[in-house]
A.B. asks: 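I'd like to ask you about the structure that follows.
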Amino acid sequence: MSDDDDTGDEEATPTVQLGDGRAVEGAPIARVAARLAWPQTKSDILEKFGDTDIRTPDGPESLATILESVEDTYFDRRQTFVAAVRDVVGREPVATE
């Protein structure tokens, strides 16, 4: 492939404009999960990120508060951790207004 082919693709891709709406408070749970190496224990996660506010459909909530409702003490994979958190906070979209 030549450089000319790559330039044509960039011009054909539409640009997405970001709005000037209000910022969403809290960190996405996927971002927190991505910063950890798996497997992890609940206590290790709390030590590293327990004070982090997580985005939820009802507004930001401390990860420590969320994990109080999770019975698991060991997460073998990132997906297991994210699913456990979403079971507590819900899977609805986070409101922006």
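These figures come from a predicted structure and were not determined experimentally. Residue numbers count from 1 along this sequence.
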A.B. asks: Measure the spacing between CD of Glu47 and CD of Gln40 and express it to the nearest 0.5 Å.
C.D. replies: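 One gets 10.0 Å once the value is rounded to the nearest 0.5 Å.
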A.B. asks: Suppose we screen for side-chain contact (heavy atoms from CB on, under 4.5 Å). Which residues come up paired with Pro28, at least two apart in sequence or across chains?
C.D. replies: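 By the side-chain contact (heavy atoms from CB on, under 4.5 Å) rule, Pro28 matches Arg31, Arg55.
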A.B. asks: I need the full list of ring-ring contact (aromatic ring centres under 6.0 Å, His included) pairs touching residues 44-68, with sequence neighbours left out, sorted by first then second residue.
C.D. replies: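 Those involving residues 44-68 do not exist here.
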A.B. asks: For residues 59-73, which side-chain donor-acceptor pairs fall under 3.5 Å, sequence neighbours excluded?
C.D. replies:
residue, atom, partner, partner atom, Å
Ser62, OG, Gly50, O, 3.1
Ser62, OG, Ala64, N, 3.2

A.B. asks: Rest of the hydrophobic cluster containing Tyr74 (Ile/Leu/Val/Met/Phe/Trp/Tyr, side-chain heavy atoms under 4.5 Å)?
C.D. replies: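 Its cluster partners, ordered by chain and number, are none at all.
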A.B. asks: What pairs with Asp44 under side-chain hydrogen bond (donor to acceptor under 3.5 Å, both in side chains), at least two apart in sequence or on another chain?
C.D. replies: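 Here the qualifying residues are Thr41.
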A.B. asks: Considering non-hydrogen atoms only, spot the tightest contact between Glu92 and Val89 and give its length.
C.D. replies: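 That closest heavy-atom pairing would be OE1-O, 4.2 Å.
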A.B. asks: Residues two or more places apart in sequence or in another chain: which of them pass side-chain hydrogen bond (donor to acceptor under 3.5 Å, both in side chains) with Asp87?
C.D. replies: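 With neighbours one apart ignored, the set is Arg91.
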A.B. asks: Does anything in residues 77-86 form a side-chain hydrogen bond (donor to acceptor under 3.5 Å, both in side chains)? List the pairs, not counting sequence neighbours.
C.D. replies: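 Counting only pairs at least two positions apart or across chains, the side-chain hydrogen bond (donor to acceptor under 3.5 Å, both in side chains) contacts touching residues 77-86 are Asp76-Thr80.
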A.B. asks: With sequence neighbours left out, write down each residue that passes ring-ring contact (aromatic ring centres under 6.0 Å, His included) with Phe81, or none if nothing qualifies.
C.D. replies: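 ring-ring contact (aromatic ring centres under 6.0 Å, His included) list for Phe81, sorted by chain: Trp38, Phe75.
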